[in-house]
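Single-structure report; data block below.
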Amino acid sequence: MTATQPFPPGRYRPVIPALLALLAGAAAMAMTEMTHAGSFTDLQPRLPTRVNGWQAAAEDRIFDDRTIFSYINGAGEVYRAYNMQACLSRRYVKKGDTVIILDVFDMGAPEDAFGVFTHDTDGVRIDIGQDARFRPGWLSFWQNRFFVSIYVEEESAAAEQAVKALGRQVATIAGKPGRRPQILEMLPTKGLDTGSIRYLHHPIVLNYHYYLFDENILHLSPQVDATLASYSRSGEQARLLLIRYPQTQTARKSLAGFRTHYLPDADSAGAARLENGRWSAVRLAGRLLTVALEADSRQLAENLLNEAGRNAAKE
Amino acid sequence: MQHRNNKRVITRRDFLKTGSYAAAGSLVGLPLLRRASAQTSAKSRVVLIRDREVIGQDGNLNGHVLESMLDRAVTALLDAPDPKTAWGKLFRPNDVVGIKTNVWSPLPTPEALETALVFRLGQVGVKSGSIAVEDRDIRDNPVFMRSTALINVRPMRTHHWSGLGTLLKNYIMFVSAPWMYHGNSCERLGAIWKKPHVNGKTRLNILVMLTPLFHGIGPHHFSRRYLWPYAGLVVSTDPVAADATGARIIGAKRNEFFDSHRPISPPPLHIAAADTRFGLGNASADRIDLVRLGWGEQILI
């Protein structure tokens with residue numbers, strides 16, 4: 001990404017166990033603008049030490065946005081892309097059974113906890129926290145400003161029950177429900193596949209879900225909210241990308257960049273037929289860039305942009 | 001489209017033009033990137049060797065079987081009469097050899113394999129002080145810094161950013177800013193192999209497929225549920241051909257396990273790009289001479 005570099009480069013560092021006191025100070029500073037949020041250090045002492053016969057083992061490990069790479073390797077980029085403040089990892093052990101690993105990510109804001117949750121929404125919906133998914137061996141959910149992952153190294157019925165019980169306990173102590181990103185309200189509701197909704201700020205996350213450019217042409221940054229979702233209407237499919245910028249000037253620059261690099265053949269309505277026969281269209285509604293991606297028809301692309309524009313006008 | 005400094009911005013439409021975005025998982029190649037010239041003339045030999053005895057009933061590896069597999073593979077790869085001759089074709093006593101391993105804790109390169117590699121280098125006459133086995137600190141390792149040759153050895157697994165953790169991907173620690181290569185499914189990984197301190201040094205690539213990971217979940221991208229005892233090694237002097245072979249096996253395993261077409265996600269674009277864009281080797285099956293040795297059940301390729 002070279003068009004703009006709003007994201008400071010991360011570094012791979014060796015494991016440096018964080019001092020809790022230091023983390024507490026940092027977390028407290030980070031939370032000054034948060035609503036609802038219980039502090040990370042408030043949460044830690046209340047995390048369960050036992051669940052269904054599993055016992056918390058050793059000391060918790062805490063990672064920050066740099067040391068996270070030592071824990072989860074390159075996937076740490078995902079959490080950094082959502083402004084991760086800290087990650088607490090606790091292992092639960094039971095003689096003769098699998099280890100259960102609890103990772104609680106303090107994302108700093110509920111919107112980003114939601115965002116990182118939407119990065120992977122495979123699995124079965126389950127009623128834990130604000131949204132949850134369960135797949136064999138892994139439970140993920142978000143609550144308040146926390147994204148929570150609980151996984152087992154070996155599956156068993158007892159471990160699955162313990163994972164769900166642990167998840168419910170953690171969700172209960174994670175604080176009141178947090179806000180969902182406001183930009184979601186601008187998504188047209190008709191035909192929306194709610195399981196496909198992604199919320200993001202970072203080009204690397206956008207490109208993971210839908211590759212568009214090898215550069216940050218859309219000027220995504222921590223200050224920019226974006227959502228990507230899939231639609232199905234009357235047998236036709238499309239994806240819709242909405243990006244809301246803090247400044248109109250940036251929105252205009254992004255529109256111009258998109259038209260120059262992606263839709264140079266767009267007509268006066270901002271629509272063009274792609275090489276695969278589908279349609280893409282782009283439009284600016286104030287500070288909201290609306291982009292229809294690979295719609296099965298021009299009509300569907302334009303309808304989505306019109307409806308998103310109307311939703312934005314209600315703001 | 002030209003961007004700053006006349007750099008061309010690559011967009012999704014470039015892929016749509018050739019229909020290759022959807023087909024990227026099948027390694028048919030990337031668009032707009034003219035085939036590099038170096039690798040087009042000859043097929044690449046890849047040896048796939050399997051031995052079910054390499055993994056015991058208790059799940060532990062049998063080091064002796066593993067060492068034997070390595071020797072048989074290298075001997076077949078180089079059409080040599082015996083392992084000693086084969087290793088002698090690859091390395092000289094005055095070589096300084098960095099063995100780029102992988103320490104990812106859920107699925108590291110087996111220590112027994114590292115030991116076997118060091119032993120074989122010693123037999124060729126490479127001095128012990130001229131051999132290093134390293135992963136994350138290779139840029140600071142004095143042997144790697146003065147290396148004349150590299151061995152690339154790592155387990156095959158699915159990977160969050162690149163689709164697959166491959167031999168090509170294993171060299172990401174040769175650069176100071178690995179995250180710079182994460183964009184577009186790490187498609188640019190081949191560029192690392194062109195850097196002066198890496199270019200042309202790799203003599204042998206060993207893709208460890210003893211218990212490969214064919215699917216990942218969660219922040220750690222790991223579950224034992226998605227390991228299987230394939231009991232294989234994929235060995236080649238061509239990293240692209242070895243990776244492409246491994247990718248086909250992983251793809252077949254995913255389809256079998258999930259009982260549906262379940263492409264590797266994200267698509268491992270870097271393998272095809274290493275062929276078509278960076279000229280590091282052959283990705284297409286029709287340019288790979290695959291030699292199968294040993295156990296043939298459920299070979300998947």
Side-chain angles (χ1 to χ4, degrees), chain A residues 1-3 7 9-12 14 68-80 87 98 101 103 105 120 122-123 135-140 147 149-155 203-204 207-215 217 257 260-264 272 274-276 278 280 293-294, chain B residues 1-5 7-19 21-22 24 31 102-106 136-137 139 159-163 165 169 172-173 175-188 215-227 265-267 269:
Chain A
M1 308 292 167
T2 55
F7 299 92
R11 286 185 182 168
Y12 288 77
I68 190 66
F69 291 108
S70 66
Y71 182 48
I72 56 174
N73 221 323
E77 288 286 357
V78 177
Y79 302 91
R80 281 173 52 88
C87 168
T98 186
I101 296 170
D103 293 318
F105 294 83
D120 186 344
D122 275 353
R135 315 82 171 156
W138 183 40
L139 168 70
S140 67
F147 170 72
S149 159
I150 307 174
Y151 94 101
V152 295
E153 292 185 350
E154 302 275 0
E155 292 165 47
I204 199 169
N207 276 352
Y208 179 87
H209 295 296
Y210 192 90
Y211 177 75
L212 266 173
F213 304 107
D214 67 339
E215 298 198 18
I217 299 297
T260 300
H261 295 290
Y262 196 71
L263 293 182
L274 304 174
E275 288 74 8
N276 59 6
R278 298 194 175 104
S280 181
L293 298 160
E294 292 189 64
Chain B
M1 293 300 138
Q2 301 294 317
H3 195 43
R4 295 182 324 162
N5 304 324
K7 180 189 177 297
R8 190 183 189 284
V9 175
I10 298 172
T11 81
R12 187 182 192 88
R13 291 190 71 176
D14 294 314
F15 294 85
L16 294 177
K17 279 172 192 159
T18 58
Y21 205 86
N102 196 286
V103 298
W104 189 58
S105 57
R136 293 182 179 167
D137 294 325
R139 295 177 65 249
H159 190 277
H160 183 85
W161 292 116
S162 57
K169 172 83 170 54
I172 200 165
M173 299 314 293
V175 296
S176 59
W179 56 89
M180 295 295 290
Y181 294 83
H182 284 167
N184 194 26
S185 307
C186 301
E187 173 250 342
R188 290 176 54 247
H215 185 63
I217 55 169
H220 303 266
H221 197 84
F222 181 77
S223 168
R224 293 191 191 282
R225 177 185 177 87
Y226 303 116
L227 293 176
S265 178
L269 301 175

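All chains are named by letter (A, B, ...) in the order of the sequence lines, taking the proteins before the strands, and each is independently numbered beginning at 1. Worth knowing before you read on, the calculation uses all heavy atoms, side chains too, and leaves out hydrogens, waters and symmetry mates.
Taking the six-membered ring where the residue is Trp, the centroids of A:Tyr208 and B:His160 are separated by under 6.0 Å.
Between the side chain of A:Asn207 and the backbone N or O of A:Phe213 there is at least one donor-acceptor pair closer than 3.5 Å. The closest donor-acceptor contact from the side chain of B:His220 to the backbone of B:Phe222 lies at 3.5 Å or more, if one exists at all.
Interface remark: B:Arg188 contributes no atoms to any contact with chain A (heavy atom separation under 4.5 Å). There is no contact between A:Leu139 and chain B, counting heavy-atom distances below 4.5 Å. Interface residue A:Glu155: only side-chain heavy atoms are found under 4.5 Å from chain B. With a 4.5 Å cut-off on non-hydrogen atoms, A:Ser140 does not touch chain B at all.
No hydrogens or angles considered: nothing links the side chains of B:Glu187 and B:Tyr181 as a donor-acceptor pair under 3.5 Å.
For the options A:Ile150, A:Val78, A:Asp120, heavy-atom pairs under 4.5 Å to chain B are most numerous at A:Val78. For the options A:Tyr151, A:Trp138, A:Phe147, A:Phe105, heavy-atom pairs under 4.5 Å to chain B are most numerous at A:Trp138.
Salt bridge B:Arg225/A:Glu154: absent, no basic N to carboxylate O contact under 4.0 Å.
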